[in-house]
Amino acid sequence: VSEPERNKDKRLDEKCMDEMTLLLYVERQLDRETAQGVSLHTQTCTRCLNLLRALDRESRLLTRSMLEQDEPLPARLAEFQARVKRNMQWIWGVIFGLAVLGVYALYSTYIEPWQRQFEQAGFGGSNLLSLVVFQGAFWKGWQSMFTLLEALAVMVMIGFGLFAFRRYVRRGSAVAMLFASLGVLFTLMAPASATEFRKGDNITIAKGEVIKGDLFVTGEHVRIEGEVDGDVYAFAHQLDVSGHINGDLIGFSESERISGTIDGNLRTAANNVTITGSIDRSVLSWSQTLELDSNGKIGRSLTAGGQSLTIDGKVARDFLGFSETTTISGFIGGSFRGRGKSLSIASGAEIDGTTKFDGQQPPSVSSDAKLASPPEFTKVQHHAEERDAGYYIWRVIWTGAFLVFGLVLAGLMPKFSMETVESAGQLGASFGLGVLVFFGVFIGSLIACFTIVGLLVGLSSLMLWFVMLFAAEVVVGGIVGQWIMGRNDDFWQFFLRVIVGVIAVRVVTSIPFIGFWAGLAVAVWGMGAISLALYRRLQPSLAPNIPPAPMPPINSPLPPHTTVGGV
Amino acid sequence: MSAPGKTEPIELIARARTGDTQAWGDLYREYAPAIFRFCRRAMPTREDAEDATMEIFMKLRDKLVQYDTTRSFTAWLYKIAANHCWDMLRRKKARHDKDTDDIDDIALECPEPNQLEKLIEERTGEEVRKALDKLGMRARMALVMRYYSDMSYDEIADALGVRRQFVGVVLLRARHELRQALGESSVLAVGGAR
């Protein structure tokens, strides 16, 4: 090479592009101006041109090497598809089977016999809430009931666990961890929640006996004559409290008699409740009969539902009652709000707040009763069983309401709404999960309201459950609409399908006799679809906002992005 | 994997989305070899690649309803695969390789074009694949994402958790590591990281 040429190369070297810039040029990642500069430069600089070519060839070598099919698909992977299918079916089978078994067991063992008894006893106005709450009160074996609920809860948890960790099911260690976690959970729950647990036919906390901490007690006949320095959770055929409870009493029993003192709240579901003692805080009761004796005192409010409520004693604050008959002859420090067939305000009664009653008959008010204001009465019309024009008008109004609700949901969460409707297309999964959520969450929420889990959790779950229940029809309407009109992801087209589908569903659920069962199926199906979509949403996100890259023509000798412009 | 110019099996994907197990099986047979190959390049061992492939398809099954049908299915699938492999690698706590160090602190020596050309000419695909196995995980992952599945710089940045501006540096460093690994066998190191 001559001296002038060497000098020329040297001058060019001083201006040479760095490797990073050249690589970005090869990869087409430079802005237009810089890329033009590189292109011009490589027309005069041999070194950079050669490096550019080498980088380009290196890219091709990499792509070619990686795309070469050097290994066949392993047999394990070739068989994997069939195994996945089997695994999934097995898991769904377990979950669905457990759910159906649980629901059937609950229905055939408890609800159905009780329902018969209840009807024979002439207790009308039953609904699902009272069915669930009261059914145990008529039955003598609360202990077995508790055991069954525990078993069901554990089975459902295991079912959910298997479903959630199905990816790891093939790994024994993960399953072991799951069971170990459950074990730890139950072990930790016990000491944290109770210091005393008693079980037997006849349990007596004798006079003079003091229990420090919470007490869990189950038995045929439970008597608390002594003192409990904590909360009491009682499951019994007959429960008598003549002693002193420093905390709350949560009681489930056929007959419950409170003649002692409770410093906290009373929450109870029972057949008969009689209060002759003193409760410093509030009372929440679901019972066939509730009697607040003339000596009985409630320090705060009373919320009660049942067939017959008799208030002879003193309620310091408000009284909210839902009962066929309500009789008040005692003192209500706040307002009374009631709903039922009849209300009787007897001589000696005093209500310091307002008195409002919704019922079939006007309240009977004694002239000797002291009321802060005249009672307000609203007559409740008993709807005829047969379906008149009004029924269908209301169906139309409700259909409109569902559509507005659906529009709001779809507007707020368009993508999630579409995913939910998509999930509804998976019938097996939606129904399987739906049975669990429809029955499991509802019953679980009610249990939570009355147990250590707490009212807040229970009511929150119940509210979520109701929202899902109302949304279920819209979701099912969405998939039915897609079946009728075909799929379309455009928002308004999607909503048009929801409208068509909801109308179709409402028509089917309005048909006499089968309408109820169709409605039930829609609720289960829709709630399952929502749960399935929620579950999928809760899975780790995989960079959802990144726009996808075009697929390379993999058999091509060159990756498309490695073309070197100007070379 | 889809051959060049071959249209994506839209009908198959649509049926698989509705839970059609037959369609799902067909989809698996169509895409499993390519995804396994992707995992084989990205993961350190064959067993890891097999595990990753299975888990990616389990994930795919769950996420299929979220797939936006207006976009490329293959690119979407590769994105899932890349994210999953990188997550697996991170979970394995095996990121002790030097490429986790501050990448901008290390200067790279510009290679001689002729030496680089010679190195490329002399190496076979098998040698390149063996050299890839010697790379640090981030370097290998970056090369696989870019040159196997043609992911964009944005996608690579997101998957690796680095800024987009660093992707070029990561790729360049990866190439240098690869050249070093290729050169080790023939005492022909070109450039290389210091």
Side-chain angles (χ1 to χ4, degrees), chain A residues 18-20 23-24 27 29 47 50-51 53-55 57-59 61-71 73-74 76-78 80-82 84-85 88 166-167 419 422-423 425-429 489 533 536 539-540 542-544 546-556 559-561, chain B residues 1-5 17-19 21 24-25 28-29 32-34 36-37 40-41 50 53-55 57-58 61-63 65-66 69 71-72 74-76 79-80 83 108 110-111 113-114 116-117 120 123 125-126 128-129 143-144 147-148 150-155 158-159 168-169 171-172 175:
Chain A
D18 61 89
E19 190 187 3
M20 186 77 252
L23 177 65
L24 293 176
E27 302 261 305
Q29 299 296 323
R47 187 181 179 282
N50 288 339
L51 185 54
R53 283 178 170 160
L55 288 171
R57 289 192 63 193
E58 192 178 41
S59 297
L61 175 67
L62 275 165
T63 301
R64 202 162 39 235
S65 305
M66 289 190 207
L67 288 177
E68 277 175 6
Q69 298 190 21
D70 53 325
E71 290 178 78
L73 191 68
R76 181 183 162 207
L77 289 180
F80 173 63
Q81 185 261 328
V84 170
K85 195 174 155 188
M88 292 303 293
R166 66 191 187 288
R167 281 173 52 194
E419 285 169 17
E422 194 87 41
S423 299
Q426 293 174 264
L427 288 174
D489 288 340
R536 285 178 172 144
Q539 295 303 293
L542 295 177
I546 295 180
M551 177 57 195
I554 58 173
N555 288 343
S556 166
H561 51 78
Chain B
M1 186 53 64
S2 303
R17 278 158 67 103
T18 62
T21 51
W24 163 251
Y28 178 83
R29 276 189 290 277
F36 170 66
R37 208 154 50 241
R40 189 74 184 92
R41 307 289 177 247
E50 289 180 18
T53 307
M54 286 193 281
E55 286 166 10
F57 276 92
M58 294 289 276
R61 194 183 167 102
D62 288 343
K63 297 180 84 73
V65 288
Q66 295 174 22
T69 48
R71 296 180 173 180
S72 161
T74 313
W76 182 73
K79 196 166 69 183
I80 292 177
N83 279 292
L108 297 172
C110 192
N114 294 337
L116 182 55
E117 280 280 0
I120 293 164
R123 294 291 167 245
E126 191 179 353
V128 172
R129 288 194 294 276
L143 291 176
V144 173
Y147 301 109
Y148 180 83
D150 195 32
M151 289 171 72
S152 71
Y153 274 37
D154 283 324
E155 287 173 317
D158 197 81
V169 183
L171 285 170
L172 186 63
R175 283 178 179 238

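Quick caveat: nothing in here was measured; it's all calculated off a predicted structure. Numbered from 1 within each chain, the chains take letters A, B, ... in sequence-line order.
Using a 4.0 Å cut-off between charged nitrogen and carboxylate oxygen, A:R53 and B:E117 do not count as a salt-bridge pair. Salt bridge status for B:R129 with A:E68: present, with a side-chain N to carboxylate O gap under 4.0 Å.
Using a 4.5 Å heavy-atom cutoff, the side chains of B:Y148 and A:L67 are in contact. Looking only at side-chain heavy atoms (C-beta outward), B:V144 and A:M66 come within less than 4.5 Å of each other. For the pair B:Y147 and A:L61, the minimum side-chain heavy-atom distance is 4.5 Å or more. For the pair A:R57/B:L116, no side-chain contact is recorded, criterion being any heavy-atom separation below 4.5 Å from C-beta on. Annotation: side chain of A:R64 is not in contact with side chain of B:V128 (no heavy-atom distance under 4.5 Å).
B:I120 contributes atom CD1, which lies 8.5 Å from atom CG of A:L62 (distance to the nearest 0.5 angstrom). Between A:D18 atom CG and B:L172 atom CG the span is 8.5 Å, to the nearest 0.5 Å. For the atom pair CD of A:E27 and OG of B:S152, the computed distance is 11.5 Å after rounding to the nearest 0.5 Å.
Closest non-hydrogen pair, A:L23 versus B:G168, comes out as CD2-O, 4.1 Å. Here the shortest heavy-atom pairing between A:S65 and B:G125 reads OG-CA, 3.4 Å. Considering every non-hydrogen atom in both A:R47 and B:P113, the closest pair reads O-CG, 3.5 Å.
Interface remark: A:E58 contributes backbone and side-chain atoms alike to the contact with chain B (heavy atom separation under 4.5 Å). If you measure heavy-atom distances from A:L427 to chain B, you find no contacts under 4.5 Å at all.
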Next on the checklist: Show, in sequence, the C-alpha distance, side-chain angles and deciding distance for A:L73 and B:R37, and conclude whether the side chain to side chain contact (heavy atoms under 4.5 Å, CB included) test is met.
Outcome noted: CA-CA 8 Å; A:L73 191 68; B:R37 208 154 50 241; over 6 Å; no
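Side-chain contact check for A:S59 and B:R175: at least one donor-acceptor pair (N or O, by modelled atom type) lies under 3.5 Å.
By number of non-hydrogen pairs under 4.5 angstrom with chain B, the leading residue of A:S423, A:G425, A:P74 is A:P74.
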